[in-house]
Visitor: 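Once you've had a glance at the structure underneath, I'll fire off some questions.
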Amino acid sequence: MLDVKWIRENSAEFDAKLKMRGLEPLSPKVLEIDDERRAHLAALQEAQAKRNAASKEIGKAKASGDEAAAQAAIDEVAKIKSFIQSGEDTEREINQRLEALLSTIPNLPHDDVPVGADEDANELVRTVGEVPSFEFEPKEHFEIGESLGLMDFEVAAKMSGSRFVLLSGALARLERALTQFMLDLQTGEHGYTEVSPPMLVKDNALYGTGQLPKFEEDLFKTTTEHYLIPTAEVPLTNIVADCTIEESYLPRRYTAFTPCFRSEAGSAGRDTRGMIRQHQFLKVEMVSITSPEQSEAELERMTGCAEEVLKRLGLSYRVMKLCTGDMGFGARRTYDIEVWLPGQNCYREISSCSVCGDFQARRMNARYRPEGAKHLKFVHTLNGSGLAVGRTLVAVLENYQQADGSVIIPEVLRPYVGGKERIAPLNA
RNA sequence: GGAGAGGUGGCCGAGUGGUUUAAGGCGGCGGUCUUGAAAACCGUUGAGCGUUUGCGCGUUCCGGGGGUUCGAAUCCCUCCCUCUCCGCCA
């Protein structure tokens, strides 16, 4: 959510940044409602002041037994009563109209974000590691998994339909190992506090992080009006909803390992094979709550925390700065980390780290008390995957596959799989 | 799921229609006193919005939302949350 006052005072910049996102100017629409609201509020408050003064007089008159004076004042106030009554309704109506508009306006991009319509305009920040070469034709992860007999899409489809997978044996264990490894790294070395959050949330939590009201079709909803979280960003960021935090407590850094649920509405036909795009996947998420001064540096730090997972797994990747057209609704700047997948012969997104400024904080009313300052300010929020576990599993399988169909387990994961070094086909 | 009790400022806690502008206490901040500190005493202490160059003024906020009334923390409706007991349950 953007600040109306800011839009009022910087309408040209507001429209220019919307244009960077490929949107039409909205300041006329916003300011029209804002003007209407302020004009109405002034009139309403004047009437309320009059009423309050009269009511006080009535109280005094009654206390002193002067019924005639009391009645006269009551008659006087009765005239403005209907205006106050309808005026309060009007105020609500205008506020709702303004909020309905503001809540669907995306965050404004930073000046350094490249302008573009889609991922082709994303900017390469750095490439890390060599693209591995194979002496055989590398397979895609689902071929590897299925021939190992440990990855089954048909069994999953039988009970759940498309876009689900069932892992078993060493692959299920490998997935668990990845989560443990990631959590240990982010909590033990990067200072994130581990959280085990609710995975069903109410609509206001999703409003706070920006998934609602605009993107409801991407979510799963229960019969109890709960939503399944599409990412742990939702419960982790909402920890500070409606809170006032002392500046000395910032930054807060949270991490959680959770399943994520996405309906993938509108992505029919994309990544239909394999584990890349599922309705349900595991993810280790990082969220930082910072002061405005810290948030820029925190994005670099968080991206580094995600990259470290790939470095230790020995996987090659590149970091992309997303262009305006590819950035999410709440982001001011986003780095995507793309891991090299030999089977697909391309880089695929495995993490996305975003700084949201005060956009989410405003929606969820998360503030802090700046030291020495008089007024409360909104915190800044950041979120990033550290990493998407399913896609990391895919990357390990494709990058560590051997000619005989087996898969070497990266060294850092071996403590988590009982020392096992290789996953071999069952019949081998 | 059934029955009951609650939700008031940073915290505790009073307040059942009108000098409540939310008592009192704790904590915080400032001051007096003191070599310094403590104690004691005095003062001060929330958020949002509108308006204003500024000082300020106005308005809203007692879990959320709505209603009754000239006037609501207080009465009514509704939703949320917490606690206690019972039932069911990993």
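Sequence lines set the chain letters: A, B, ... in the order given, protein chains first and strands last, and positions in each chain run from 1. No hydrogens, no waters, no symmetry mates; every other heavy atom, side chains included, goes into these values.
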Visitor: Kindly write out the residues that satisfy side chain to side chain contact (heavy atoms under 4.5 Å, CB included) with Glu349(A), not counting sequence neighbours, or none if the list is empty.
Guide: Asp336(A), Ser352(A), Arg391(A)
Visitor: In whole Å, measure the gap between the C1' atoms of G10(B) and G31(B) for me.
Guide: 22 Å
Visitor: Rounded off to whole Å, could you give me the NZ-to-P distance for the Lys50(A) and U60(B) pair?
Guide: 15 Å
Visitor: Answer yes or no: does atom NZ of Lys158(A) have more than 12 heavy-atom neighbours from other residues, nucleotides or ligands under 6.0 Å?
Guide: no
Visitor: Return the nucleotide paired to G9(B): Watson-Crick means purine N1 to pyrimidine N3 with N6-O4 or O6-N4, wobble means G-U with N1-O2 and O6-N3, both under 3.5 Å.
Guide: none
Visitor: Lys56(A): which residues meet the side chain to side chain contact (heavy atoms under 4.5 Å, CB included) condition with it, sequence neighbours left out?
Guide: none
Visitor: For Phe164(A), enumerate each residue passing the ring pair (Phe, Tyr, Trp, His ring centres under 6.0 Å) test, keeping only those at least two apart in sequence or located in another chain.
Guide: His279(A)
Visitor: Side chains of residues 325-334 of chain A: which donor-acceptor partners sit under 3.5 Å, not counting sequence neighbours?
Guide:
from      : atom 1 : to        : atom 2 : distance (Å)
Asp326(A) : OD2    : Asn122(A) : ND2    : 3.0
Arg333(A) : NE     : Asp112(A) : OD1    : 3.1
Arg333(A) : NE     : Asp112(A) : OD2    : 3.4
Arg333(A) : NH1    : Glu296(A) : OE1    : 2.7
Arg333(A) : NH2    : Asp112(A) : OD1    : 3.4
Arg333(A) : NH2    : Asp112(A) : OD2    : 2.6
Arg333(A) : NH2    : Glu296(A) : OE1    : 3.1
Thr334(A) : OG1    : Ser354(A) : OG     : 2.7

Visitor: With Phe281(A), which residues qualify under side chain to side chain contact (heavy atoms under 4.5 Å, CB included), at least two apart?
Guide: Cys260(A), Arg262(A), Lys283(A)
Visitor: Please give the nucleotide sitting opposite A73(B) as a Watson-Crick or G-U wobble pair, both distances under 3.5 Å, or none.
Guide: none
Visitor: Strictly by Watson-Crick or wobble contacts shorter than 3.5 Å, is anything paired with U44(B), and which nucleotide is it?
Guide: G28(B)
Visitor: Please give the distance between the C1' atoms of U16(B) and C76(B) as a whole number of Å.
Guide: 14 Å
Visitor: Could you list the protein-to-nucleotides 45-53 of chain B atom pairs, N/O on both sides, closer than 3.5 Å?
Guide:
from   : atom 1 : to        : atom 2 : distance (Å)
A47(B) : O3'    : Arg367(A) : NH1    : 2.9
A47(B) : O2'    : Arg367(A) : NH1    : 3.2
G48(B) : OP1    : Arg367(A) : NH1    : 3.4
C49(B) : O3'    : Arg37(A)  : NH2    : 3.1
G50(B) : OP1    : Arg8(A)   : NH2    : 3.0
G50(B) : OP1    : Arg37(A)  : NH2    : 3.4
U51(B) : OP1    : Arg38(A)  : NH1    : 2.9

Visitor: So, taking the atom named CD in Glu32(A) and the one named CZ in Arg97(A), what distance separates them when rounded to the nearest 0.5 Å?
Guide: 8.0 Å
Visitor: Is NZ or CZ of Arg176(A) both nearer than 6.0 Å to the six-membered ring centre of Tyr416(A) and within 45° of the ring axis?
Guide: no
Visitor: Please report the distance separating the C1' of G64(B) from the corresponding atom of G15(B), rounded so that it comes out in whole Å.
Guide: 22 Å
Visitor: Without decimals, in angstroms, what is the distance between Glu91(A) CD and U60(B) P?
Guide: 10 Å
Visitor: If you measure from the C1' atom in A38(B) to the same atom in U32(B), how many Å do you get, rounded?
Guide: 15 Å
Visitor: Go ahead and name the base partner of G4(B); Watson-Crick or wobble counts if both distances stay under 3.5 Å, otherwise write none.
Guide: C83(B)
Visitor: Applying side chain to side chain contact (heavy atoms under 4.5 Å, CB included), name anything that partners Ile239(A), two or more places apart in sequence or on another chain.
Guide: Val195(A), Leu236(A), Tyr254(A)
Visitor: For nucleotides C79(B) and G27(B), find the distance between their P atoms and express it as a whole number of Å.
Guide: 42 Å
Visitor: Summarise protein proximity over nucleotides 61-77 of chain B in one line of letters, 5' to 3': B for base, S for sugar-phosphate only, - for none, counting protein heavy atoms closer than 4.0 Å.
Guide: -----SSSSBS------
Visitor: Sort out the partner of C57(B) for me: Watson-Crick or G-U wobble, both distances under 3.5 Å, none otherwise.
Guide: G50(B)
Visitor: Check residues 47-55 of chain A and write down every donor-acceptor pair under 3.5 Å in which the side-chain atom is one partner and the other belongs to a residue at least two apart or another chain.
Guide:
from     : atom 1 : to       : atom 2 : distance (Å)
Gln48(A) : NE2    : Glu88(A) : OE2    : 3.4
Asn52(A) : ND2    : Gln48(A) : O      : 3.4
Ser55(A) : OG     : Arg51(A) : O      : 3.1

Visitor: Taking the P atom of each, how far is A3(B) from C62(B), in whole Å?
Guide: 29 Å
Visitor: Rounded to whole angstrom, note down the C1' distance from G25(B) over to G13(B).
Guide: 8 Å
Visitor: Can you tell me, in whole Å, how much space there is between the C1' of G46(B) and that of U8(B)?
Guide: 13 Å
